Amino acid sequence: MILVQFCSSRILPSYNQWNFLLICSRHNDLPWNIRKFLKNQLREFRFDDLRDTQPWARSAWSHTDLRRLKEGMVAAQVSSIITAITRERLVRLFLPLFNIRIISLCLFRNSEHFISVSLFVYRIERAHKEGRLASLIGVEGGHAVGASLAVLRMLYELGARYLTLTHTCNTPWAECSTVDEPGQVARIGGLSNFGKSIILEMNRLGMMVDLSHVSVPTMLVAMRTSKAPVIFSHSSAHALCNSSRNVPDHALRRLAQINGIVMVSFYPHFISCGEKSTLEDVAAHIDHVRKIAGIDHVGIGAGYDGINLTPTGLEDVSKYPELFAELLARGWSEKDIQKLAGLNLIRVFKAVEEERSMPGGKFSGKLVNRIQAPMYEGRVVCLGRRVWNRGWCEDFGMIQGEQPGDKVPDTDKED
């Protein structure tokens with residue numbers, strides 16, 4: 001006999017009927033909220049159920065806790081480390097390092113429920129079999145890397161398994177999605193040579209390249225450059241909502257050719273281009289990505305704890321079964337749902353790890369270890385909502401106190 005439960009007037013199979021799923025939710029900004037709400041004071045923090053705990057309960061930005069993750073059948077959660085863009089390079093790198101430490105402490109305190117995936121993707125499947133949640137780390141914003149491949153390698157060693165090339169602002173070597181908006185001017189045509197070196201080094205390390213937040217030219221150049229599949233960690237279909245943060249159809253077709261994946265965001269501004277959207281609207285975006293790119297190239301991006309608006313019916317991480325029930329009603333098979341829920345992401349992760357160079361292996365391709373001087377010389381760099389001309393010089397190989405227009409030695413050489 002098949003048991004059912006009723007959720008928001010939708011008939012769902014019981015949890016026992018969902019055991020075939022391995023749900024991997026890509027994008028969650030919980031570490032940022034821990035820093036914002038608790039000032040990193042974790043001694044009294046209890047992750048079990050935050051729905052009645054202040055300040056979490058009253059915040060529109062809080063959608064995640066252990067109880068809701070289990071209710072949502074989540075097997076793997078990727079925590080996003082946001083790169084705050086400030087004038088001081090050390091502070092900018094300090095924040096990702098600090099947030100990685102927060103995640104490590106939270107995992108340690110909840111080790112009976114979580115397993116860290118800082119080594120290989122098989123640990124996601126292992127965690128699923130053990131009834132625990134796999135926890136992965138990603139860094140959102142290439143500003144964390146600055147102009148150093150060494151910093152990229154360090155972030156990988158600390159557990160980061162993907163890097164979003166940009167955030168809401170250009171890096172000196174990659175252009176973000178705002179470049180595609182009316183009145184904006186592209187300066188480097190997507191990726192510089194150093195940006196391509198970042199991607200090749202990520203391939204060598206076994207680190208996923210995330211193209212959410214980047215401009216369309218950056219998407220296309222990155223997909224031509226990468227030797228491994230790439231991901232869009234939280235983007236939706238541009239054909240249904242013409243936000244510059246979404247992926248156009250020609251990029252979706254190219255993504256399918258390189259075996260990548262688009263993980264659909266739930267943020268209403270990327271779903272309906274407004275402040276209100278519904279579960280059915282999200283399902284429409286998932287259906288569109290499937291139609292254009294194929295069932296093997298779509299996943300769940302969500303964006304919980306990093307958005308203050310959610311679609312009706314997808315208010316928090318416990319609501320994933322509602323979305324799958326809607327897709328089943330639209331004719332999706334259980335096998336299709338499995339791919340969407342997590343198997344597609346695991347396939348990409350495995351392909352990225354297979355591409356990495358093993359110890360003793362030889363990596364082909366020239367890597368530019370520092371940014372070329374003409375890329376930044378005399379140029380104003382966007383820093384979030386500020387424009388600031390000084391303080392980045394140390395990042396770019398200049399001496400502190402030099403003006404960006406000063407003569408800079410040629411650095412287009414391998415170290």
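This one's a predicted model, so the numbers in the text were calculated from it and none came from an experiment.
Electrostatic pairing of Arg204 and Glu201 counts as a salt bridge here, judged by a charged N lying under 4.0 Å from a carboxylate O. Of the charged side-chain nitrogens involved, none lies within less than 4.0 Å of a carboxylate oxygen, so that Lys339 and Asp336 do not count as a salt-bridged pair. The pair Arg51-Asp49 meets the salt-bridge criterion, since a charged nitrogen lies less than 4.0 angstrom from a carboxylate oxygen.
Without hydrogens or angle criteria, Asn246 side chain to Ala239 main chain gives no donor-acceptor distance under 3.5 Å. In this structure, the side chain of Ser197 engages the main chain of Asn193 through a donor-acceptor pair within 3.5 Å. A donor-acceptor contact shorter than 3.5 Å links the side chain of His285 to the backbone of Ala237. Counting only distance, with no hydrogens or angles, the side chain of Trp173 and the backbone of Gly146 share a donor-acceptor pair below 3.5 Å. The closest donor-acceptor contact from the side chain of Ser265 to the backbone of Gly301 lies at 3.5 Å or more, if one exists at all. Using modelled atom types, no side-chain atom of His143 and backbone atom of Glu140 make a donor-acceptor pair closer than 3.5 Å. With hydrogens and angles ignored, the 3.5 Å screen pairs a side-chain donor or acceptor of Glu175 with a backbone N or O of Ile188. Panel note: side chain Glu315, backbone Thr310; no donor-acceptor pair is recorded below 3.5 Å. The main-chain N or O of Gly195 is found under 3.5 Å from a side-chain atom of Ser192 such that the two form a donor-acceptor pair. In this structure, Arg161 contributes its side chain and Tyr156 its backbone to a donor-acceptor pair below 3.5 Å.
Here the options are Ile261, Val264, Leu211, Val289, the test is side-chain contact (heavy atoms from CB on, under 4.5 Å), and the partner is Phe232; only Leu211 passes. Of the residues listed (Val352, Thr164, Leu255, Val348), the one engaging Ile231 in a side-chain contact (heavy atoms from CB on, under 4.5 Å) is Val348, and it is the only one. The only option from Leu252, Ile292, Val298 that meets the side-chain contact (heavy atoms from CB on, under 4.5 Å) definition with Val262 turns out to be Leu252.
Note on ring orientation: taking the six-membered ring where Trp is involved, the planes of Phe270 and Tyr267 are perpendicular (angle over 60°, cut-offs 30° and 60°). The aromatic rings of Tyr304 and His63 lie tilted to each other, with the angle between the two planes from 30° to 60°.
Counting heavy atoms from C-beta outward, Leu97 and Leu155 have side chains that approach closer than 4.5 Å. The side-chain heavy atoms of Thr168 and Thr178, taken from C-beta on, include no pair separated by under 4.5 Å. Residues Thr166 and Thr218 form no side-chain contact, since every pair of their non-hydrogen atoms from C-beta on lies 4.5 Å or further apart. The side-chain heavy atoms of Val145 and Thr171, taken from C-beta on, include no pair separated by under 4.5 Å. Contact of the Leu165 side chain with the Ile199 side chain is registered, since non-hydrogen atoms from C-beta on lie closer than 4.5 Å. Looking at heavy atoms from C-beta onward, Met219 lies out of side-chain contact with Val230 at the 4.5 angstrom threshold.
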>> Go through it in stages, so that I can follow the logic: the residues are Leu136 and Phe349, the test is side chain to side chain contact (heavy atoms under 4.5 Å, CB included), and I'd like the CA-CA distance, side-chain angles, deciding distance and then a yes or no.
In response: CA-CA 11 Å; Leu136 296 85; Phe349 200 171; 3.3 Å; yes

>> For a side chain to side chain contact (heavy atoms under 4.5 Å, CB included) check, start with the C-alpha distance between Phe47 and Cys106, then their side-chain angles and the critical distance, and finish with the verdict.
In response: CA-CA 8 Å; Phe47 188 52; Cys106 287; over 6 Å; no

>> Go through it in stages, so that I can follow the logic: the residues are Asp210 and His234, the test is side-chain hydrogen bond (donor to acceptor under 3.5 Å, both in side chains), and I'd like the CA-CA distance, side-chain angles, deciding distance and then a yes or no.
In response: CA-CA 9 Å; Asp210 177 18; His234 55 306; 4.7 Å; no

> After noting the C-alpha distance and the side-chain angles of Ile300 and Ile286, does the key distance pass the side chain to side chain contact (heavy atoms under 4.5 Å, CB included) rule?
Replying inline: CA-CA 9 Å; Ile300 302 295; Ile286 293 173; 4.2 Å; yes

>> Run Arg347 and His297 through side chain to side chain contact (heavy atoms under 4.5 Å, CB included) and show every step you take.
In response: CA-CA 10 Å; Arg347 185 201 74 244; His297 309 290; 3.8 Å; yes

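Atom CG of Asp48 is surrounded by more than 12 heavy atoms from other residues, nucleotides or ligands within 6.0 Å. Heavy atoms from other residues, nucleotides or ligands lying under 6.0 Å from CD of Glu275 number 12 at most.
With Cys273, the cysteine Cys241 has an SG gap short of 2.5 Å.
The closest side-chain donor-acceptor pair between Ser226 and Asn203 falls under 3.5 angstrom. Residues Ser235 and Ser212 have side chains that bring a donor and an acceptor to within less than 3.5 angstrom of each other. Thr64 and Asp305 share a side-chain donor-acceptor pair at under 3.5 Å.
Atom CG in Leu50 sits 11.0 Å away from atom CG in Asp316 (nearest 0.5 Å). Distance check: Leu345 CG to Leu340 CG gives 11.0 Å after rounding to the nearest 0.5 Å. One distance of note links CZ of Arg253 with CD1 of Ile258; it measures 15.0 Å at 0.5 Å rounding. In this structure, CD on Glu354 lies 8.5 Å from NZ on Lys350, to the nearest 0.5 angstrom. Note that the OG1 atom of Thr312 and the NZ atom of Lys319 stand 11.0 Å from one another [nearest 0.5 Å]. The CD atom of Glu326 sits 8.0 Å away from the CG atom of Leu323 when rounded to the nearest 0.5 Å.
Closest approach of Ile271 and Ser236 over heavy atoms only: CD1-OG, 3.5 Å. For the residue pair Pro217 and Gly189, the shortest heavy atom distance occurs at CB-O, 3.8 Å.
By the side-chain contact (heavy atoms from CB on, under 4.5 Å) test, Ser177 pairs with Ser244, Arg245, sequence neighbours left out.
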